[in-house]
Amino acid sequence: MASAHSDHGHGDHPKFLAHHFDTPEQQFDAAKFGMWVFIVTEILMFGGLFVAYLIYKGQEPSVFIEAHRRLDWKLGSANTIVLLFSSLTAALAVRSSQLGKKNETTMWLMITIACAFVFMGIKYVEYSHKFHDGLLPGRYFTAHLPEHAHNGQVLPQRANMYFALYFMMTGLHGLHVLIGASALGYVLYRNLRGDFSPEYFTPVEIGALYWHLVDLVWIYLFPLVYLVG
Amino acid sequence: MSDHSHAHDDGKVHAHVSPFLFMVAIFGALVVLTVVTVAASRFDFGSANTLIAVLIATAKAALVATFFMHLKYDKGFHALIFVMSFVFLGVFLLITLEDVDTRGRVDNASTVRMHERRGEQAPGGFVLDPRGVQARERQPAGGGAHH
Amino acid sequence: MATEVAGAHGHDEPDHLAPYLSQEAGRGVKGWLLTLDHKRIGLMYLISTLLAFFMGGVFALLVRLELFAPGRTIMSAEYYNRAFTLHGAIMVFLFIIPSVPGALGNFVLPIMLGTKDVAFPRLNLLSFYIYVIGATFSLYSIVTGSVDTGWTFYTPYSTTSQTSVVSMVLGVFILGFSSILTGLNFIVTVHKLRAPGLHWKRLPLFIWGTYATSIIQVLATPVLAITLLLLAAERTMGVGIFDPALGGDPILFQHFFWFYSHPAVYIMIVPGMAVASELFATFTRRAIFGYFAVAMSSLGLALVGFLVWGHHMFTSGQSEWATMLFSALTMLVAIPSGVKVFNWTATLYKGSIELTTPMLYALSFLVLFTIGGLTGLFCAVLNTDIHLHDTYFIVAHFHYVMMGGTVMAFVGGILYWWPKMTGKLYDEGLAKISWLFVFVGFNTTFLIQFVMGSKGMPRRYYDYLPQFEIYHKVSTVGSWLLLIGFSICAWVLIKSLRSGPKSPPNPWGSAGYEWQGTESPPVMQNFRETPTITRGPYDYHLCTDEELFDGFPEDLKK
Amino acid sequence: METMQLPPQWSTFARQVDWAFYFIYYLSVFLFVVIIGAAMYFVYQYRRKPGVKAEPTGHATVLEITWTVSPLAILAFLFHIGFRGYIDMSVAPADAMEIRVRAKKWSWDFEYPNGGHSNILHVPVNRPVRLVMSSEDVIHSLYIPAFRVKKDTVPGFYSTLWFEATQTGETDLFCTEYCGAAVGTTEISPGDPNVGREGNRRHVGHFSMITKVRIQTMAEYNTFLESILRPPTDPATGREATPEKWGEILYRSQQCNTCHSTDGSAMTGPTWRGLFGRQRQFTDGSSANADANYIRQAIIAPNAKVVQGFNGVMPSFAGTLRDNQIDALIAYIRTLR
Ligand code: HEA
Ligand code: HEA
Ligand code: CUA
Ligand SMILES: [Cu+2]
């Protein structure tokens, strides 16, 4: 508590500073630390799926290789670039709000959110394709039937496991994209309202951190699921 | 707060502002690595495939974390807990893999899906859909280990 | 420095210098349900977790009653299966995991840290409501057919059970988030909001324990979340990751489940140990022996606890290699637990011991946890566990650690901080009687279960062979003694609320920061002025016994 | 030998396990008495007395290091004894006799090398026996306390277990992995090996998935093996049972009665009363006449066609029931007009 005793007359207690914090720095650090701890929990949550994926892949590599050919690596790559780019714009949004450039922040945030929608759009195309081909998880998997043959070939029925994991992983990730986009939407709203300044840009920073996490998960998901069968 | 008060004593937020072009350069590097990983997947490195993919992904993740997420200019503790989360995940993965990989080593009829000697599949397991008979014939030899 | 002006606040603005229970600190129902104050939230947790304990206890009594005689006694087999599942699930997820951190931690932690609130008060309220929503889902599951899977939800039984598994699983999933957010909040609070002068080596052991617990909550609970999500997806969409009929591996489910649930047993016990440390210090008037070792052993338990989950799977068909590895690693957890037990015992040596009810509970904790922990070793040793696994020996083991350990510490902690929380004293004489019933009742119920288990009585049995009847009878009678004990205890608390004498600020003469620096009950912002810490939490040697009650010579105030 | 804490020692493992158990037991008693004894003594000796202050806590680094490090030695030893015992339990001798165990809700089926089946486990004494186990629905676990052995049976996997009995006699075999219960009560026969003290109807489930292990001399065991290939003796006539009677015995011993009634009431499965020769409607819209072939099919592959109004929960008895047993069941169902 560096300036422990200056917390009384509300005069030098800025509006954005909650009553139980002494300094803006303390509040900023706490928020950021909190977000990092939260990121840790997200990593472990997604991690569970990655563990399941790697274990089943290790058990039946050839089935997984055959199954992963049914994903469209081009769409996957496109989505990778979209997310990487949105990560850049999110970082730039933080930068511009640090510099107090409100309009620029608005622009970067809007681009980031737009990227989220592009990503979900591409996902939609991919998903509807999979549904159509009977590439559904577990019990609903039908791509081993002759009517779903692809270039005259059908998948082994065991490939159901690959798609179970594919849908769980990308589905949960997609959900995070939506949550992240909504969080950024809220940040955007507060930015438009003029809440932020070079002294106070915590929500932008926190929102962007979360968005980078969404990107991080995809960075692992893309090569493991789309590229290495 | 005792652990941060030494850094600055004016209590204001002091965050590092990264140069614009630097950020764009990082993005460029990420795109290049994406191209590399796609290109690498065209070649078969055998069992190293997954490892290579994970290594490239880790390089990308490191770039995002260090520069976009400002870990480089942040408290060391944040980097520590970030890395620790991967360590704990590693423990989970490795010991679980250890189990799955070593089943049936001591007794080859134990915890395996197929009875070696009788060639009978364990009941209650994977049921082949009768409609997919043709599919089964097409299956590559390696993948059928558990059928 | 008491220059705060109440008038500076608007009408609805709570008065930061009014006692937190008073109307000025927040009016009516809204002042409670929408409060951001950690003390009020702590109290709301206290009430909810006690309700959960009561509910879990009722199911326990039903289970015991059914087992009083062989064959059908009061219910059918299907309902018995629901009863023990709900007993286990409620006790674990609704009661014991949120109990100490949620209720006592929320109340005491910020005060001990010399701060006004936790780092994220809004998040704190949110975790409480997430808890409520999760509990509601679980209750919904109970009324719509309930669950009969056991608290462990093993597949493929849980994927095929006809009962209302999905809503229970979602309930527990949601409760998990509550637990994660509380842990996150505490970690940040401990790091960022300590009062000036309160460096790590001066942290009370309660804080160390809660901090270690929070680390486990944050690292382990997400894996439970994904496990339960997969289970729900399994039931609703048939994804098949854990379903052998679709090529999945049920043993993998057990890995996933125990990767959370073993660390979770330390989420349950470490806060209990944390409370016990405070009680031992206060009622021996002495610093805990080996403070540093006790603090580090909490972290040690948190970390080593992540390496041993497979000891629940020795007979599951897990590979022999993994089995041996897990057995070896499990041995290691005895070390930090042992360090704690030895240090508490050493603290008693040359203390000035007062046998108040909280101290009696702390001593019960010591005795019962030692029994529970030592019997854990029978489970950790491979060839004995093969025999004991899934028998009543295991049931007795975990009741000794959970009920004999955590619940004893929790009740001790409630009584100890009761004057701080409510500003009222309770009836010590009656409380001691209730303790006696609880202690004797507990041992009657569970000691005999060790014998029954090692003789071969399997757990989760609705009916049993005649040779086990006598053990079950004794055990059931014990559960009635427990009921009497807890009923008296509930009466003690209710009586204190209604007509207890007003408590002085520090009725126990404790040197703890929370007793020295605040009123009982504390004001809304805890301290009239920000404290500066100049001494350790257990520095009894710095003052005379008389001074203890009125405040240290070089008090927190200066 | 049976002790206070443990069941009789009827297998070669038992002595080793019990030794480990009692070693930890006395170690624990010793530690408990020392630690808690000391604590209680301190509580008495240093009770609060007016004018006596607690002595400030000092340091005793050597003591602290001792009690942190020395338990390691004990723990290493504990691991060692458990490990040795476990290795013995994991590796069956090469000459072990193999018995196939099939678990299902809520009964055990044991298949002997000669192809015969029983639902009580018969084993010869002083001969290593290896069980190769499987389950077709949920996880169960086979537990024989007197042998100190236990192993889960996991659907989709095989698991193994071995032991060598050292004494003839009869002892209990339990299911120790929770596996649910049937709705309501079920009719049982007096000869049922399971527990039941509620007359001829009782609850069945995980807790009733109990049977016996009968340890016999080699000669007795061989006689038993002979007998399971023939119809059993009819208690009423004392001679070999007729097919109809055998079918009735199987109806109970194979636990068909947990799901099928013979009195016309529907339980988990359709009643058998009046089944034979009736027209059956299936959930897929098709229909068939319940003749002998149909019934055989319904027993071997029950879920190929599911009768309307029911769920396909009946387990397949292929591999469990032999042809002449199925014939006997058909003969029995024929009598239920
Ligand atoms: C609060 C909860 C809690 C705690 C603290 C513990 C503590 C321990 N538990 Fe327990 N356990 C449970 C809750 C808990 N357990 C539950 C709920 C289950 C069953 C779940 C289910 O199936 O439903 C279970 C089951 C369980 C099993 C699985 C049994 C089975 O199903 O087959 C095992 C196996 O290793 C085990 C071991 C241990 C060990 C080694 C410890 C150790 O941490 C104990 C360490 C403590 C001591 C050893 C005593 C003090 C130390 C000394 C006095 C030092 C000197 C001692 C020596 C050198 C020996 N436990
Ligand atoms: C925190 C954990 C906890 C606690 C405290 C308890 C407490 C008790 N438990 Fe247990 N129990 C479990 C966790 C716990 N349990 C778990 C996880 C399982 C495994 C489930 C499974 O297999 O899936 C289990 C299983 C279990 C079984 C085994 C069932 C079986 O395998 O078939 C039995 C049987 O005796 C039992 C009994 C009891 C009894 C008699 C108590 C008693 O101590 C209860 C005493 C409490 C009361 C008597 C309540 C009365 C309270 C009041 C009157 C106060 C009033 C309060 C207010 C007014 C606010 N429990
Ligand atoms: Cu079968 Cu329990
Ligand atoms: Cu455990």
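Chain letters run A, B, ... following the sequence lines, proteins first, then strands; residues in each count from 1.
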Looking at [atom1] of [X] and [atom2] of [Y], how far apart are the two atoms once the value is rounded to the nearest 0.5 Å?
| X | Y | atom1 | atom2 | value |
| --- | --- | --- | --- | --- |
| C/Met313 | B/Asp99 | CE | CG | 6.0 Å |
| C/Trp321 | B/Arg105 | CH2 | CZ | 7.5 Å |
| C/Phe259 | B/Phe88 | CZ | CZ | 7.5 Å |
| B/Asp107 | C/Ser319 | CG | OG | 12.0 Å |
| B/Arg103 | C/Gln318 | CZ | CD | 8.0 Å |

Open item on the list: With chain C as the partner, which of B/Val100, B/Thr102, B/Ile95, B/Thr96 has the greatest number of non-hydrogen pairs under 4.5 Å?
Closed with: B/Thr102
Open item on the list: Let's go through C/Phe256 and B/Phe92 carefully: what are the C-alpha distance in whole Å and the side-chain angles of both, what is the deciding distance for side-chain contact (heavy atoms from CB on, under 4.5 Å) to 0.1 Å, and is it a yes or a no?
Closed with: CA-CA 9 Å; C/Phe256 270 67; B/Phe92 183 29; 3.9 Å; yes
- [ ] Count the heavy-atom pairs under 4.5 Å between each of C/Ala245, C/Pro244, C/Ala322 and chain B, then report the option with the highest count.
- [x] C/Ala245
Open item on the list: Does this structure show an ion pair linking B/Arg113 with C/Asp249, if we count only N-O contacts that are shorter than 4.0 Å?
Closed with: no
Open item on the list: Please classify the contact between B/Ser110 and chain C as side chain, backbone, both or neither, with a heavy-atom cut-off of under 4.5 Å.
Closed with: side chain
- [ ] Give me the contact list for residues 213-227 of chain C versus chain B, heavy atoms only, anything under 4.5 Å, ordered by residue number.
- [x] C/Leu219, C/Val223
Task: Residue pair B/Phe77 / C/His191, side-chain heavy-atom distance below 4.5 Å - done: yes
